[in-house]
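Letters A, B, ... are given to chains in the order of the sequence lines, protein chains preceding strands, and every chain is numbered from 1.
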Amino acid sequence: MASLTAWTVSAPTCRPAAAAKPLALVQGQVARHSCSVRRRSNILLAKSGVHVRRQISLQVSAQDTKTEAAGPVNDTDFKEKVLDSKVPVLIDFWAPWCGPCRMIAPIVDELALEYEGKMTAFKLNTDESPKVATDYGIRSIPTVMIFKDGQKMETVIGAVPKSTLVQTLEKYM
Amino acid sequence: MQTSTATCLLQPHPGSILSAPRSAVRPSRSVRAHAKEGEVNSKSLEGMRKFSEQYARRTETYFCMDKSVTAVVIKGLAEHKDSLGAPLCPCRHYDDKQAEAVQGFWNCPCVPMRERKECHCMLFLTPDNDFRGEDQKISYEEIEESTAGMSGVQS
């Protein structure tokens, strides 16, 4: 499922890749678009059906219920909450008027609950805490980062499915 | 005028795609005065709504299957139009929003969208995108409804 992330991951990843071509041919599809990564994810999605769509759609509306398992972090308490943390930390960098951020926020809340005790998750509003966002080179939003022992370990860009975040997190558990 | 001097200083190299005319990047004084945090001028919102519909039709792209994503982005664009004078992409972090609005690369429709139909904000989705819906239309009411209670700060 990892390649599902490809389509949401920001533009630079979207390049023609020779490896994807045979895959498309196996499926008997004609390459209509320049982005082969997207084609590949389409095929995977076709297999998993509409399920993924539904799941994400539900996740979006779930945010309205405001289950805030992942609390806020800002420029002031970033060191204390993130850099000095004894357990790995997941940070969701978001902005108020960013549509796709609404898709990833409920997933981050779910992960905060599922990994309680083993990992902490926070949300950082890049408008309110521009210093941290700039220090860590945040550009595209949403961006999720994983920190361990005060070090940035991973960066995931875009509204990716939960499975991608789980896979990334598991490496540091 | 002061505005034009500032604009000239930040103009990209002539001939680059960035030098495409992107006029009116500075808001008028009156618009700016009314653009408080999270408050969106209804005229700007209607302007961005119409632009989004027209641009989707023209580029044969579709809105997200979850229209609340579309609504939030359109409102974010309108908010930037009010506060910065240009519809700067709300799905990016900038070191200096005003300078970015003047420079224009990320003003909607941004360069990646114009060149490759890539909108990471998920406002304009190509037909092959798994998250695209069937609509190229969104009503003013839909936008207001989806963004009700949002005052620029998402809780």
Are any of the side-chain heavy atoms of A:W97 and B:H80 separated by less than 4.5 Å? no
Could you see if A:V160 belongs to whatever hydrophobic cluster contains A:M153? Use Ile, Leu, Val, Met, Phe, Trp, Tyr and a side-chain cutoff under 4.5 Å. yes
Looking only at heavy atoms, what is the nearest atom pair of A:P100 and B:V73, with distance? CD-CG2, 4.5 Å
Following the transitive rule for hydrophobic clusters with a side-chain heavy-atom cut-off under 4.5 Å over Ile, Leu, Val, Met, Phe, Trp and Tyr, establish whether B:Y62 and B:Y55 coincide in one cluster. no
Please round to the nearest 0.5 Å and tell me the distance separating atom NE2 of B:H120 and atom SG of A:C98. 7.0 Å
Crowded around A:E116 CD? As in, over 12 foreign heavy atoms under 6.0 Å? no
If hydrophobic clusters are built by linking Ile, Leu, Val, Met, Phe, Trp and Tyr wherever their side-chain heavy atoms come under 4.5 Å apart, do B:Y140 and B:F51 end up in the same one? yes
Shortest non-hydrogen pair, A:A95 vs B:P90, comes out as CB-O, 4.0 Å
Identify all side-chain donor-acceptor contacts of residues 80-93 of chain A below 3.5 Å with residues at least two apart in sequence or on another chain.
from	atom 1	to	atom 2	distance (Å)
A:K81	NZ	A:P72	O	2.8
A:K81	NZ	A:D77	OD2	3.1
A:D84	OD1	A:K79	NZ	3.3
A:D84	OD2	A:K79	NZ	3.1
A:S85	OG	A:V87	N	3.2
A:S85	OG	A:V87	O	2.7

According to a 4.5 Å side-chain heavy-atom criterion applied to Ile, Leu, Val, Met, Phe, Trp and Tyr, with indirect links allowed, do A:M145 and A:V156 form part of one hydrophobic cluster? no
Enclosure of B:E145 CD (heavy-atom neighbours >12, cutoff 6.0 Å): no
Does atom CD (B:E60) have a neighbourhood of more than 12 heavy atoms from anything else shown, all under 6.0 Å? no
Examine whether an atom of B:S146 lies under 4.5 Å from a heavy atom of chain A, and if so say whether it belongs to the side chain, the backbone or both; otherwise answer neither. backbone
Sort by residue number and list every residue of residues 130-138 of chain A having at least one heavy atom under 4.5 Å from chain B. A:P130, A:A133, A:T134, A:I138
Hphob cluster co-occupancy, B:M113 + A:I141, side-chain heavy atoms under 4.5 angstrom: no
What distance do B:S68 atom OG and A:M103 atom CE have between them, rounded to the nearest 0.5 Å? 8.5 Å
